[in-house]
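Below is one structure, written out as structure tokens; the observations come after it.
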Amino acid sequence: MSDSLFVRYLSHVREALGQVVPDLPPAIVARVEVTPTRDPSHGDLATNAALLVAKVARRKPADIAADLACVLESVPGVASAQAAGPGFVNLKLAPSVLQEVAAQVLRAGESYGDSQVGAGTTVNVEYVSANPTGPMHVGHCRGAVVGDALANLLSKAGYGVTKEYYINDAGAQVTALAWAAYWRYLQAIGTPLTQDEFAALVPGGIQYGGDYLVPVGEELAQRHGTSLAAEGGRPAPVDVWMKTVRTETVARMMAMIRADLEALGVHHDVFTSEAKILADGETDRAIDRLAAKGLIYEGVLEPPKGKLPEDWEARPQTLFRSTEFGDDVDRPLRKSDGSNTYFANDIGYHADKIARGADVLIDVWGADHGGYVTRMKAAVAALGQDGKPELDVLLCQIVRIVRDGQPVRMSKRAGTFVTLRDLIDEVGRDAVRFTMLTRKADAQMEFDLDQVVAQSRDNPVFYVQYAHARCCSVLRGAAELAQAGRLAGDLSVEALSALDLSGLSSDAELALLGRMAQWPRVVESAAIAHEPHRIAFYLQELAADFHALWNRGRDDAALRFLHEDDAELTRTKLALVEATASVIRSGLRVLGVEPVKEMR
RNA sequence: GCGCCCUUAGCUCAGUUGGAUAGAGCAACAGCCUUCUAAGCUGUGGGUCGUUGGUUCGAAUCCAACAGGGCGCGCCA
């Protein structure tokens with residue numbers, strides 16, 4: 001059993017605390033923390049224990065801290081313990097404790113950092129969920145990456161994770177798409193109509209004019225001949241073709257979207273169709289259940305304040321009592337034509353997710369859907385029981401694409417840089433993924449096309465991958481030496497993990513080991529907070545520690561990794577390098593970024 | 001008009017859920033480096049954490065008000 005270093009010392013601290021201040025309420029003991037120190041001069045670990053219990057113990061924090069330090073001094077692996085500041089206790093660890101971290105990493109491999117915090121809890125992460133009306137737009141990209149990385153992160157933390165895509169294939173958008181595809185079909189069979197003549201027949205005009213529907217029309221023509229049209233290639237009544245064109249076009253669009261997701265390295269476990277949920281009557285049943293709880297009624301809403309929609313008129317409608325759950329106003333479930341609002345269908349969808357049994361639901365949405373969060377949480381609270389399941393909505397802010405410091409116009413008409421595919425083709429999947437995770441999801445972000453491909457310190461993608469490549473380069477060098485008979489000893493990971501690592505004693509080496517010791521902690525806290533960007537930041541810090549050590553080797557030959565005259569020392573250093581590479585891989589895996597072996 | 005999100009160094013952003021003297025990178029400044037481990041290194045300066053109150057041992061973090069930016073506000077998803 002190899003507990004994280006922080007967990008181990010936390011229990012030591014709690015034990016010591018019990019000796020210094022007996023009979024503490026468990027609620028207070030639970031809040032005791034052991035954290036990394038911010039300043040290396042404070043040692044390796046710090047605890048806030050004395051500050052927390054001072055009030056209950058009716059003693060000064062500093063005095064308790066002094067007593068605690070006294071007890072902790074004698075804990076194995078503690079080099080020194082000191083009371084500091086307003087009542088912290090700082091622990092400096094013996095180098096052997098940190099050296100053991102490397103061995104622990106090597107034994108666990110990429111599973112180092114795996115946690116059990118989520119064991120027994122199932123999470124459904126729903127993300128992307130772009131309308132099936134065309135290829136993926138760069139606007140979808142951030143949510144796709146954030147959701148995917150979050151799902152990976154939760155898995156690593158022990159949660160049972162389902163990655164889900166919600167297909168919005170029931171709304172008016174899809175009908176508009178079908179009209180547009182139908183036009184391409186008519187063209188394919190040689191209709192005499194001009195585009196304008198046809199557009200005049202379409203409610204709302206042709207909304208999807210993109211070329212990507214041309215092959216869809218051709219395929220429809222191939223499969224159905226002229227059977228979807230009237231005499232002479234003229235448009236047939238809607239009931240002749242709509243259903244067919246709609247389903248087949250949506251299927252084609254989803255295939256396109258899946259290919260885009262594939263290019264981004266995103267894989268969902270479940271694709272759920274809005275139309276299917278509606279057709280199966282799940283939406284109606286969910287609303288019936290709400291009605292049974294007295295949460296549905298017919299009523300008239302106050303007009304919205306400020307600018308009124310031009311055609312606004314008071315009318316009675318079917319409303320959900322979201323105000324019972326903290327919303328400002330009750331929310332409508334039916335449009336004036338009697339069909340469901342998006343919200344109503346989303347209630348059905350979430351009821352379906354709840355029925356499938358997740359303990360936690362996570363929705364990843366664009367920031368423009370922010371206004372729906374409260375009502376959706378209200379609906380989930382109403383459908384669930386005793387606050388279960390919990391719904392967390394992650395809002396992803398808009399990404400501004402920038403080149404040469406100038407925003408890149410993403411105009412559909414100009415056809416410049418609208419699709420996700422364009423972006424991936426230009427900078428690569430890894431750069432896209434990593435960069436999307438270098439900001440908190442709800443913070444605005446600039447995506448600089450020049451910077452993300454730059455091979456320099458200020459490009460985090462490069463910086464982290466370069467650290468891994470450097471590790472691999474050292475390991476390759478070692479293998480070559482061994483091959484040439486100039487390096488003795490077993491270089492396998494198993495052998496390295498069994499070595500005495502006391503040779504790793506410089507500040508830079510210990511700092512790197514200390515950073516690796518934090519990895520399990522970072523995984524847990526990021527998973528609990530639903531913040532995958534923390535992984536990206538941790539990797540930058542880990543890479544920085546490794547590069548710093550590497551650079552020390554320029555001046556101080558003793559800090560280099562390969563020493564032809566000392567095989568034992570070399571193997572010790574290789575253990576550190578291998579461990580570093582392993583943690584970087586483990587982190588990049590969470591982000592869905594390839595750990596490259598060399599930079600080209 | 002109302003609601004939600006945001007405001008931290010010149011710029012782009014972190015800040016481990018309330019902890020110590022608020023941190024990185026870039027830019028600026030000062031040295032070093034012309035290969036010893038390619039795509040530099042080391043150091044320095046830089047802050048009223050939007051403003052004002054409040055909560056407490058302790059606030060960038062929680063609460064209230066105000067200022068500025070973004071998003072949204074029946075029948076778009």
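Each chain gets a letter, A, B and so on, in the order the sequences are listed, and its residues count up from 1.
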Quick note, A:Phe537 side chain, CB onward, closest among B:C13, B:U35, B:C6 is B:C13
Nucleotides 15-20 of chain B: protein proximity per nucleotide (B base, S sugar-phosphate only, - neither; heavy atom, under 4.0 Å) | SBB-BB
Look at the side chain of A:Arg560 and decide which nucleotide, out of B:C36, B:A39, B:C76, has an atom nearest to it.
-> B:C36
A:Arg554, nearest nucleotide to its side chain (from B:G40, B:A14, B:A77) = B:G40
Under 4.0 angstrom, heavy atoms only, what part of the nucleic acid is A:Pro332 near: base, sugar-phosphate, or nothing?
-> sugar-phosphate
Counting any heavy atom closer than 4.0 Å, what does A:Asn131 reach on the DNA or RNA strands: base, sugar-phosphate only, or nothing?
-> sugar-phosphate
Across the strands shown, which category fits A:Arg315 at heavy-atom distances under 4.0 angstrom: base, sugar-phosphate, nothing?
-> base
A:Lys335 side-chain N/O to B:A77 phosphate OP1/OP2 under 4.0 Å | yes
Tell me which nucleotide among B:C6, B:U12, B:U37 gets nearest to the side chain of A:Asp442.
-> B:C6
P-based separation of B:U12 from B:G58 [nearest Å] | 35 Å
Side-chain donor-acceptor contact under 3.5 Å, A:Gln173 with A:Asn131 = no
At under 4.0 Å between heavy atoms, what does A:Leu559 touch on the DNA or RNA strands: base, sugar-phosphate, or nothing?
-> base
Between A:Asn551 and B:C41, does any side-chain N or O lie under 4.0 Å from OP1 or OP2?
-> yes
Can you tell me, in whole Å, how much space there is between the P of B:U42 and that of B:C4?
-> 46 Å
Nearest whole angstrom, please: distance from the C1' of B:G25 to the NE2 of A:His547.
-> 13 Å
When you get a sec, tell me which of B:U56, B:C5, B:A77 is the closest nucleotide to the side chain of A:Gln397?
-> B:C5
Select base, sugar-phosphate, or nothing to describe what A:Gln173 touches, counting heavy atoms under 4.0 Å on all strands.
-> sugar-phosphate
Of A:Thr318, A:Asn345, A:Thr283, A:Asp346, the residue whose pairing with A:Asn340 passes side chain to side chain donor-acceptor pair (under 3.5 Å) = A:Asn345
Whole-Å P distance, B:A9 and B:C41 | 25 Å
Pairing annotation in dot-bracket form, given for RNA chain B with Watson-Crick or G-U pairs under 3.5 Å and | for cross-strand partners | (((((((..((((.....[...)))).(((((.......))))).....(((((..]....))))))))))))....
Answer yes or no for A:Arg331 and A:Phe343: cation-pi contact, defined as NZ/CZ to six-membered ring centre under 6.0 Å and angle to ring axis within 45°.
-> no
Proximity to RNA chain B (any heavy atom under 4.0 Å), residues of residues 461-469 of chain A only = A:Tyr466
Determine the contact category for A:Gly370: base if any of its heavy atoms lies under 4.0 Å from a base atom, sugar-phosphate if only primed atoms, P, OP1 or OP2 are that close, otherwise nothing.
-> nothing
